[in-house]
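Inspection log for the structure reproduced underneath, given as structure tokens.
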Amino acid sequence: MVEILNIFIMLMLVITALAMVSSRHLFVTVMLSGIFSLLIAASFLLLDAADVALTEAAVGAGISTVLFLGALALMDVEETTRGVRRIRMVSLIVVAVTTIFIVHATFYMPAFGDINAPIHQHVAPWYIQHVPIHMDIPNIVTGILGSYRGYDTLGEVFVVFTAGIGVLSILGDPIKNRQHRPAHNRGLRHYLIPRLVGRMLIPFIILFGLYVQFHGEYSPGGGFQAGALVAAAIILYALLEGEDKALQVIPMRVLYIMMASGALLYGGVGVAALLMGGNFLDYSVLASTPVAGQQWGILLIEMGVGLTVTGVLITIFHAFAARSNL
Amino acid sequence: MDVATTLGWLAAILMLIGAFFTFVGGLGALRMPDFYTRMHAASLTDSAGPIFILIGLMLISETWLVAIKVFTILVFLLITGPTASNALASASLLAGNKPGLANDQSEAE
């Protein structure tokens with residue numbers, strides 16, 4: 001049964017991707033990319049990768065779509081085409097050959113769910129065996145991401161941080177851009193139904209975000225997903241009540257501090273571990289026992305991830321919104 | 001039949017009804033003549049379908065915790081779905097998209 005669902009979702013993914021490529025209307029493309037993310041999140045869930053599914057649904061289907069729409073408000077919705085669309089032979093040959101190679105390579109991969117596949121023989125059993133000993137938390141994914149692969153996650157946080165800085169340096173400071181325009185931005189304040197429902201939902205979204213943040217060691221979740229959820233709540237507030245109100249709740253200054261302090265907190269935990277006699281990002285030395293140290297370390301770095309992701313996502317939204325007439 | 005089997009059958013029937021509504025909604029969204037009637041079909045069945053499907057799922061939940069979680073999802077869907085449809089219809093009306101069936105049939109696509 002799951003097999004059939006998997007195949008169905010894969011087919012839908014291909015169809016959606018083809019539709020995205022062939023569509024000339026950017027608004028349609030953005031909506032299709034949201035559908036694509038939702039489909040692939042469902043596929044991740046079928047593969048029992050709940051953590052990734054949650055991230056994909058929150059970031060890919062949720063926040064990205066909103067940010068793309070914010071970007072669309074700055075430009076034309078029609079894709080510009082250069083004259084007649086003719087098929088370029090060189091591109092076609094390159095794509096065809098690459099496809100043949102990739103399809104050929106899949107025949108050498110282990111069968112789906114094969115217990116003898118290399119990935120189930122090398123580090124995976126080691127992780128499954130050692131996470132309960134080293135850090136005593138039920139969610140192995142959090143253990144791997146937060147501790148064993150702490151360097152990778154640190155890199156990801158800095159990528160997110162850099163992306164935030166990049167968007168700001170391209171679009172400019174939201175506050176300055178805002179001052180150049182008359183204060184006409186009222187959000188949907190004239191429109192009662194979404195406002196009331198939003199007012200009812202926003203506390204629950206933030207509550208769920210905090211749950212995902214602090215329950216990440218026990219159930220799917222962690223800083224990335226929580227950051228996306230909290231940012232979604234604030235962006236919803238900004239859409240309903242207007243940018244100015246949202247900037248009163250969390251001013252740009254606070255957002256800048258959030259962006260930087262999250263990355264700083266993550267790196268700081270690493271340095272603290274160094275100073276206390278361990279390796280960089282080796283949390284075992286942070287508390288009296290190694291297990292407690294690991295748990296504290298993961299909790300702290302997840303907080304850093306959450307802070308940076310929330311700050312960056314809201315900042316990017318404000319940066320787009322300040323330039324456009326949302 | 002014991003309680004579990006009866007509940008299972010009941011759940012199956014409810015989920016089939018829900019699937020039927022969802023299917024009809026999809027059909028309506030494809031076949032209706034203009035934007036508002038399409039949305040009408042999609043949004044009505046978007047509420048009716050999940051009610052039956054999720055109640056069916058609640059009946060076959062293994063623990064109370066799962067049943068309560070599914071119920072919470074149902075409540076959120078029932079609140080957000082109609083709101084989204086309402087916002088969509090309102091945005092379309094504000095953008096100047098007139099209902100095709102309002103004055104005569106000829107304008108319908």
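Chain letters run A, B, ... following the sequence lines, proteins first and then strands; every chain starts at 1. The structure presented is a predicted model; accordingly, all values stated were derived computationally and were not measured.
In this structure, chain B has a heavy atom under 4.5 Å from the side chain of Leu201(A), while its backbone stays farther away.
Of all residues spanning residues 25-60 of chain A, none has a heavy atom less than 4.5 Å away from chain B's heavy atoms.
Closest heavy-atom contact between Tyr191(A) and Ser90(B): OH-CB, 3.1 Å.
Other residues, nucleotides and ligands contribute over 12 non-hydrogen atoms within 6.0 Å of the NE2 atom of His215(A).
Atoms CD1 and CG, from Ile79(B) and Leu196(A) in turn, are 11.5 Å apart once rounded to the nearest 0.5 Å.
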